[in-house]
Amino acid sequence: MVITTRQLSKSYGKVSALNCVELEVPQGSIYGVLGSNGAGKTTLIRMLVGLLRPSFGSVEVLGLNPIRERYELRKRIGYMPQSTALYENLSVRDNIVFIGKAHLIPNLREKVDQIIEFVGLTTRARDPVNNLSGGMKKRVSLGCALINDPEIFFLDEPTASVDPHLKRKSWDLFRKLAANGATLLISTHLMDEALLCDKLAIMSKGEIVLVEKPQTILQQGVLSISMTKKNQIFTELVSANPKAVAAKLHDYGLATEIQSVQIGHPNLEDIVLQIIDSQNR
Amino acid sequence: MKKSLFIGQRVLSELLRDKRLFVLSIIAPLFLIFLLKIFIDSMPQSFPAARYAVPFGAFIVHFLSFLLCAIVLVEERATGTLERMFVAGFSRISIVVGYLLGYLILTTIQAIVVLTETMWLIGLNYSIHTVVLFFLTIWMLAMVSVMLGIFASTFARNTSHILPFIPLVVLPSLFLSGLLVNPEQLPKWAELVGMLLPFRYANDIIRELLTGNSDATAIYMNFVVLIGYGVGLMILASRTLRETD
């Protein structure tokens with residue numbers, strides 16, 4: 001495990017921001033932390049990167065204590081805060097170069113060129129950040145997090161306020177990073193995004209209420225199936241589990257050799273992207 | 001030290017590209033010195049213009065350097081860039097020293113501009129030696145003000161939190177540091193409070209130089225106190241700059 005927390009808690013006076021969080025994140029995975037605003041996602045990430053001191057419990061990232069061994073740890077992690085956290089008067093390039101210099105990266109110029117190309121901002125590299133759109137600023141912020149080839153990325157709502165096209169591109173990038181062995185801990189409050197994670201921790205009021213694979217969580221939902229037979233409508237509520245759906249449909253004449261039925265729903269994001277892509281062709 | 005240089009370079013290039021900060025650091029002091037000239041012109045012929053002109057110029061630099069540095073650093077905290085600097089591996093001391101380096105050129109320009117305008121507009125004539133010492137005093141005071149700004153910013157989460165420091169730390173210098181009346185004429189307690197303020201020592205040097213028969217030891221001692229004040233603030237600021245909450 002590259003991240004382990006035990007009973008990790010943070011309180012401000014009588015207010016508990018994080019309560020006994022137990023987390024185990026394996027290497028090379030995309031681990032989502034899903035929750036509404038104020039659920040404790042940012043508090044958790046800030047504790048993992050050593051910006052917040054735990055009130056109780058323990059935390060280890062890459063086997064290091066994020067407070068005591070922060071200088072060693074920070075060489076090996078990438079952090080993208082919720083706000084874009086950029087120097088608005090400086091160019092895209094200068095922002096990434098500055099973070100690269102902090103890490104004392106050799107051949108920084110080449111590395112920065114690669115990163116700028118990677119985040120798709122080559123034509124805007126010399127523009128001041130305050131001339132960019134919100135989504136582009138997010139890309140610069142991601143570029144800053146990429147500069148030191150981190151082993152773990154902590155991305156706090158990386159695609160909030162980003163258009164669907166860029167969101168998909170960002171997720172392609174996250175997948176590529178995970179495939180190369182990096183671990184990504186991503187906080188989000190967007191359900192569609194959460195489905196793309198390998199594993200999901202659902203947070204509410206400072207606590208982790210469920211840790212599961214997204215598909216398994218989906219199967220815990222209930223489907224409403226309506227069928228019309230001889231002008232009579234039958235509505236059945238059935239678990240979203242494909243086997244349970246098949247079993248229910250057997251009662252309505254589905255051949256018993258069909259063991260599972262999975263009903264896929266196109267989501268709005270897919271439809272919008274298809275429309276945009278067909279226009280661009 | 002290398003990392004401090006990177007920060008200094010970044011701070012300077014940001015200051016030069018931000019029109020708002022440029023106005024506050026260079027245009028505002030020029031305008032205020034012009035207002036000082038109007039005030040002095042409206043006074044009777046017997047008004048000792050030299051007694052007030054250079055000290056007021058120094059005070060304007062002190063006030064604006066403090067304000068500028070405090071605002072910029074608090075904005076770093078509010079926008080999250082300070083947090084990002086920490087996670088990228090910059091240490092507290094490298095950030096404090098980096099800021100000092102970044103302001104080094106700006107305060108030098110500020111001190112030259114303010115002193116030149118004051119002497120030209122008010123029509124003051126001093127030897128090169130005295131002018132150089134005036135410059136060094138104002139420059140040193142500006143650097144201490146930058147340190148004071150960094151120190152104050154460590155207690156603020158947003159720019160409005162800087163406001164209480166203005167009446168508490170900067171404005172008392174107007175009354176307690178010998179700018180309007182000699183500190184010896186103040187009640188003992190007020191004189192002692194004035195000794196806690198860095199402007200007192202800069203003003204003592206300027207007053208000493210204005211006598212035309214200056215005591216080199218007194219000037220030297222005040223410079224030492226001013227440097228000590230700056231170093232002390234730098235150490236304090238690097239300890240109070242919050243890296244973790």
Side-chain angles (χ1 to χ4, degrees), chain A residues 10 12 17 42-43 45-55 61 66-68 70-91 94-105 108 128-130 137 140-141 144-145 147-148 150 152-154 156, chain B residues 1-25 68-69 71-99 101-102 106 154 157-159 238 240-245:
Chain A
K10 180 73 185 175
Y12 299 96
T42 299
T43 304
I45 287 185
R46 295 184 76 228
M47 287 173 99
L48 295 175
V49 299
L51 289 168
L52 273 181
R53 208 174 277 273
S55 305
V61 179
I67 298 286
R68 282 201 308 272
R70 58 184 177 276
Y71 294 117
E72 183 54 41
L73 176 65
R74 286 170 180 177
K75 289 177 194 162
R76 300 166 64 186
I77 63 170
Y79 172 52
M80 180 178 169
Q82 200 170 4
S83 62
T84 47
L86 298 168
Y87 300 101
E88 295 274 330
N89 294 308
L90 300 188
S91 68
D94 287 347
N95 267 281
I96 301 174
V97 163
F98 178 62
I99 300 299
K101 281 179 174 173
H103 288 290
L104 304 172
I105 308 275
L108 185 58
V129 165
N130 56 16
K137 285 180 187 177
V140 183
S141 183
C144 292
I147 190 73
N148 56 324
I152 305 183
F153 289 87
F154 295 94
D156 197 352
Chain B
M1 190 62 192
K2 208 171 175 183
K3 289 191 175 183
S4 295
L5 278 172
F6 299 147
I7 295 172
Q9 199 181 11
R10 197 267 301 156
V11 169
L12 187 66
S13 56
E14 257 214 303
L15 286 172
L16 296 175
R17 284 174 214 201
D18 191 330
K19 288 182 187 127
R20 184 190 52 142
L21 297 180
F22 178 76
V23 167
L24 189 63
S25 56
L68 183 70
C69 183
I71 287 173
V72 171
L73 200 50
V74 170
E75 278 188 353
E76 286 241 30
R77 185 177 290 284
T79 58
T81 48
L82 188 64
E83 205 171 89
R84 180 164 241 159
M85 275 207 276
F86 281 131
V87 179
F90 287 116
S91 64
R92 290 186 293 184
I93 188 73
S94 69
I95 293 173
V96 172
V97 175
Y99 255 76
L101 293 174
L106 190 79
T154 63
R157 286 194 176 274
N158 56 55
T159 41
S238 62
T240 53
L241 189 66
R242 282 190 311 277
E243 188 171 352
T244 52
D245 285 327

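Values in this document were obtained by computation on a predicted structure and should not be read as measured data. Within every chain, numbering begins at 1; the chains are lettered A, B, ... in the order of the sequence lines, protein sequences first and strands thereafter.
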Over all atoms of both residues, closest heavy-atom pair of Ser83(A) and Thr79(B): OG-O, 3.2 Å

Starting from the C-alpha separation in whole Å, work towards a yes-or-no answer on side chain to side chain contact (heavy atoms under 4.5 Å, CB included) for Tyr87(A) and Asp18(B). CA-CA 11 Å; Tyr87(A) 300 101; Asp18(B) 191 330; over 6 Å; no

Heaviest contributor of heavy-atom pairs below 4.5 Å to chain B, chosen from Met47(A), Arg70(A), Lys75(A), Met80(A), is Arg70(A)

Check Arg84(B) against Ala145(A) and note the closest heavy-atom contact, atom names and distance. NH2-N, 4.2 Å

When you look at Asp94(A) and Arg10(B), which way does the side chain to side chain contact (heavy atoms under 4.5 Å, CB included) test go after all the steps? CA-CA 9 Å; Asp94(A) 287 347; Arg10(B) 197 267 301 156; over 6 Å; no

Decide side chain to side chain contact (heavy atoms under 4.5 Å, CB included) for Phe90(B) and Phe98(A); before the verdict, give the C-alpha distance in whole Å, the side-chain angles of both, and the deciding distance to 0.1 Å. CA-CA 11 Å; Phe90(B) 287 116; Phe98(A) 178 62; 3.5 Å; yes

Relative to chain B, which of Val49(A), Asn89(A), Leu73(A) shows the most heavy atom pairs under 4.5 Å? Asn89(A)

Find out whether Glu83(B) and Tyr79(A) are in side-chain contact, i.e. whether some heavy atom of one side chain is under 4.5 Å from a heavy atom of the other. yes

Kindly check if the number of other-residue, nucleotide or ligand heavy atoms within 6.0 Å of CZ (Arg53(A)) is above 12? no

Go through the atoms of Ile147(A) and report whether side chain, backbone, both or neither lie under 4.5 Å from a heavy atom of chain B. neither

Measuring heavy-atom distances to chain A, does Ser94(B) have an atom under 4.5 Å in its side chain, in its backbone, in both, or in neither? neither

Give the member of Pro128(A), Gly78(A), Ala85(A) that has the highest number of heavy-atom pairs under 4.5 Å with chain B. Ala85(A)

Per-residue contact mode, Lys101(A) against chain B (heavy atom under 4.5 angstrom): both

Under 4.5 Å from any heavy atom of chain B - which part of Ser141(A): both

Taking every heavy atom of Ala102(A) against every heavy atom of Ala88(B), the minimum-distance pair comes out as CB-O, 3.6 Å

Measure the CG-CZ distance between Leu90(A) and Arg17(B) for me, rounded to the nearest 0.5 Å. 5.5 Å

Can you tell which part of Glu75(B) gets under 4.5 Å to a heavy atom of chain A, answering side chain, backbone, both or neither? neither

